[in-house]
Amino acid sequence: MPSHRANHYGTACEKRMAAKRRFDLERSSWHDATFQNGKPVEIKSTRIEHSDGQPGNFKLYRAYHEKLRRHDGWYCFVVYRPTRSGLTVVNDRMRKAADLPTLRWHGGGDHRGTEQAKVQIDDVF
């Protein structure tokens, strides 16, 4: 999927999760949202399956992840399916950053100036 489309869907997922009363999130600055108690939340989304049939994965960035952990932050993981009119959220889940499985960091090129890790959908749900 071209990155501009992934960014489009990711932004749509962020807005949808921040608007969901179940999680009680507010949009924020260095992170995507905050709980009402001020804890930071990063909203990560992935397509359930790419056009080539490969399952999606969540991309986490080391610098942001470490900052999130220092602030006792959370991730909101969202799996979506694109539709003609936008997207359908297939599943979502909140996880503390400190409770994720061991991450395998690797070079992320120049994107965001930090290493990245890919987390499989099954590792979150």
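Treat the numbers as computed from the prediction; the structure is a model and nothing was measured.
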Could you tabulate the donor-acceptor pairs under 3.5 Å formed by side-chain atoms of residues 94-103, not counting sequence neighbours?
{"residue": "R95", "atom": "NH1", "partner": "D123", "partner atom": "O", "Å": "3.4"}
{"residue": "R95", "atom": "NH1", "partner": "V124", "partner atom": "O", "Å": "3.2"}
{"residue": "R95", "atom": "NH2", "partner": "D99", "partner atom": "O", "Å": "3.0"}
{"residue": "K96", "atom": "NZ", "partner": "D72", "partner atom": "OD1", "Å": "2.7"}

Legend entry - Heavy-atom donor-acceptor pair, H65 side chain to Y61 backbone, under 3.5 Å: no
Legend entry - Considering all heavy atoms, the nearest K39-H71 contact: CD-O, 3.9 Å
Inset, instruction - Check P40 against T34 and note the closest heavy-atom contact, atom names and distance. - result: CA-CG2, 4.3 Å
Inset, instruction - Walk me through it: do L60 and K44 pass the test side-chain contact (heavy atoms from CB on, under 4.5 Å)? - result: CA-CA 8 Å; L60 307 185; K44 294 301 200 180; 3.7 Å; yes
Working to the nearest 0.5 Å, report the span between [atom1] of [X] and [atom2] of [Y].
{"X": "Q120", "Y": "N57", "atom1": "CD", "atom2": "CG", "result": "5.0 Å"}
{"X": "F58", "Y": "S45", "atom1": "CZ", "atom2": "OG", "result": "7.5 Å"}
{"X": "D92", "Y": "F125", "atom1": "CG", "atom2": "CZ", "result": "6.5 Å"}
{"X": "K59", "Y": "Q116", "atom1": "NZ", "atom2": "CD", "result": "5.5 Å"}
{"X": "I121", "Y": "R47", "atom1": "CD1", "atom2": "CZ", "result": "11.5 Å"}
{"X": "E42", "Y": "Y64", "atom1": "CD", "atom2": "OH", "result": "8.0 Å"}

Legend entry - V89 and V79: CA distance, side-chain angles, deciding distance, side-chain contact (heavy atoms from CB on, under 4.5 Å) verdict: CA-CA 6 Å; V89 172; V79 179; over 6 Å; no
Legend entry - For E49, side-chain contact (heavy atoms from CB on, under 4.5 Å) partners two or more places apart: none
Legend entry - Minimum side-chain heavy-atom gap V41-F35 below 4.5 Å: yes
Inset, instruction - Start with the C-alpha distance between Y80 and T88, add both sets of side-chain angles, then the distance that settles side-chain contact (heavy atoms from CB on, under 4.5 Å), and finish with yes or no. - result: CA-CA 5 Å; Y80 68 88; T88 298; over 6 Å; no
